Amino acid sequence: MDPVWCEVDIDALADNIRTFRRLVGPDVRLAPAVKGNAYGHGLVPAARAFLTAGADWLCVHGVDEVRALRDAGVDAPLYLVGPVLLHDLPAVAALGARMVVYNRETVDRLVALDVPARLHLKIETGNHRQGLPLPEALALAERIAAAPHLELEGVASHFANIEDTTDHRYARAQLAAFEQAVEALRAAGHPVPIRHLSNSAAALLWPDQRFEMVRLGISAYGLWPSKETKVAATLAGRGDLRLRPALAWKTRVAQVKAVPEGAFVGYGCSFMTTHPTRLAILPVGYYDGYDRKLSNIAHVLVRGRRAPVRGRVCMNLIMVDVTDVPDVALEDEVVLLGRQGDDVVTAEMLGDWAGTINYEVVTRVGGHVPRRPVHGGAAPPDDDPGYRPPRP
Ligand SMILES: *Cc1c(COP(=O)(O)O)cnc(C)c1O
């Protein structure tokens, strides 16, 4: 028995892939991103769940993830979206992973290596992160084409401002720049068979712009990229699309204690009880990814009821108020993220409380926290997060 653990609903992950398969049709490659420990869901189990449900490729960030997946026997095509050190190029090529390129030095090294490699050019369309302006991209494409062991398999770019707004003019301009770049590359004799630009938000919002591959991220895990994306999808007639969140995060009561009215709780004496109070002490803290900004704001679920966090989140402990939760006992199961009874704490709620986004909430759950695969039911539904009718 672990003091803190996650449950990862394998059926939910699979369901989300099938939902996107229906959305994009049979011909578009689905390439869910499993970077960041599969957005906190556990790299290998998430990868397996996606592939079993019909994902075609997986996107990873770094060579360590390529190794971990290959060691686990995952032989699906892997696409590295992150930088590869020059030193790691032979290993990546040997493992057969595709990689994105945007540096002359990288391509020069690959040319010299004389090992087969399939490359994807990243085009600068307005994100100003990775990516090359078109003239440089064309020059790099020439360099790749001239090396018989290298293949320019794809061309990619990445949206800067699609999930953060319902005004998609910037994203539309990026899309237009991407299409122009592809046209120029093709006119110069580079077929670039796999074009890919869509992330979750684009996959949800723009059915006609998915090209040959979709790099699905947060929504493969059953989470909407943002409220704005949900609004835009609803306006586009896809409001009935249901994603299934897959992650639940749980702990157990480590102590139940009575404290008098007027007692301070935790470091900094930031909370004072206003009535005789029962506190439950929980063995989870910011070390585990329970953000310190959740101090005095968040609530957890115990015995199906809400228990507010009192005082500051410590490194390995929090205190919650269970005065109004009957019969709380030592080692009762507590839900930090997920459903219990008829109530729910969503990643969006935790993100709002902590001043961040659902992406960060799920990804930051500590790597040391065990991820248990489960089938069905553990995670909250995505509709009306946090709302339920008042108790009679
Ligand atoms: C992480 C990532 C994605 C997925 O983004 P979501 O918003 O989570 O769908 C797509 N493309 C690239 C290059 C990424 O790094």
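All ligand and atom numbering here is 1-based and tracks the order in the structure. Index from 1, following the sequence. These figures come from a predicted structure and were not determined experimentally.
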Quiz item: Which is it for Arg215 and ligand 1 at heavy atoms under 4.0 Å: side chain, backbone, both or neither?
Solution: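 Arg215 to ligand 1: contacts from backbone and side chain alike.
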
Check whether any N or O atom of [X], backbone or side chain, sits under 3.5 Å from an N or O atom of ligand 1, and answer yes or no.
{"X": "Ile218", "result": "yes"}
{"X": "Gly217", "result": "yes"}
{"X": "Ser200", "result": "yes"}
{"X": "Lys122", "result": "no"}

Exercise. Only counting residues at least two apart or in another chain, list the ones meeting salt bridge (Lys or Arg N to Asp or Glu O under 4.0 Å) with Glu124.
Key: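 For Glu124 there are no salt bridge (Lys or Arg N to Asp or Glu O under 4.0 Å) partners, ignoring immediate neighbours.
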
Quiz item: So, Ser219 versus Asn16: side-chain donor-acceptor pair below 3.5 Å or not?
Solution: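 Per modelled atom types, Ser219 and Asn16 side chains form no pair under 3.5 Å.
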
Practice problem: Give a yes-or-no answer on whether the side chains of Asp288 and His368 include a donor-acceptor pair shorter than 3.5 Å. | Solution: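 Distance-only check passes for Asp288 and His368.
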
Exercise. Show which atoms of ligand 1 fall inside a sub-4.0 Å distance from at least one heavy-atom site of Lys35.
Key: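 Answer, ordered by atom number: 1 (C), 2 (C), 3 (C), 14 (C), 15 (O).
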
Quiz item: What atoms of ligand 1 come closer than 4.0 angstrom to any heavy atom of Tyr39?
Solution: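 With Tyr39 as reference, the close atoms of ligand 1 come out as 1 (C), 4 (C), 5 (O), 6 (P), 8 (O).
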
Quiz prompt | Sequence neighbours excluded, every pair satisfying side-chain hydrogen bond (donor to acceptor under 3.5 Å, both in side chains) that has a member inside residues 58-78 | solution =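 Pairs touching residues 58-78 that pass the test: none.
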
Self-check item: Phe50 and Tyr221 aromatic centres sub-6.0 Å
Solution: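 They qualify: ring centres under 6.0 Å apart.
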
Practice problem: Check if Arg129 has a non-hydrogen atom at a distance under 4.0 Å from any atom of ligand 1. | Solution: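 Flag set, Arg129 near ligand 1.
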
Quiz item: Any salt bridge between Asp321 and Arg306, counting N to O under 4.0 Å?
Solution: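 No salt bridge links Asp321 with Arg306.
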
Quiz item: Any idea which protein heavy atom is nearest atom 7 (O) of ligand 1, and the distance to it?
Solution: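 The protein heavy atom lying closest is Tyr359 OH, 2.6 Å.
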
Quiz prompt | Verify same cluster id: Trp5, Leu43 (apolar side-chain graph, 4.5 Å) | solution =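 No: no chain of side-chain contacts under 4.5 Å links Trp5 to Leu43.
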
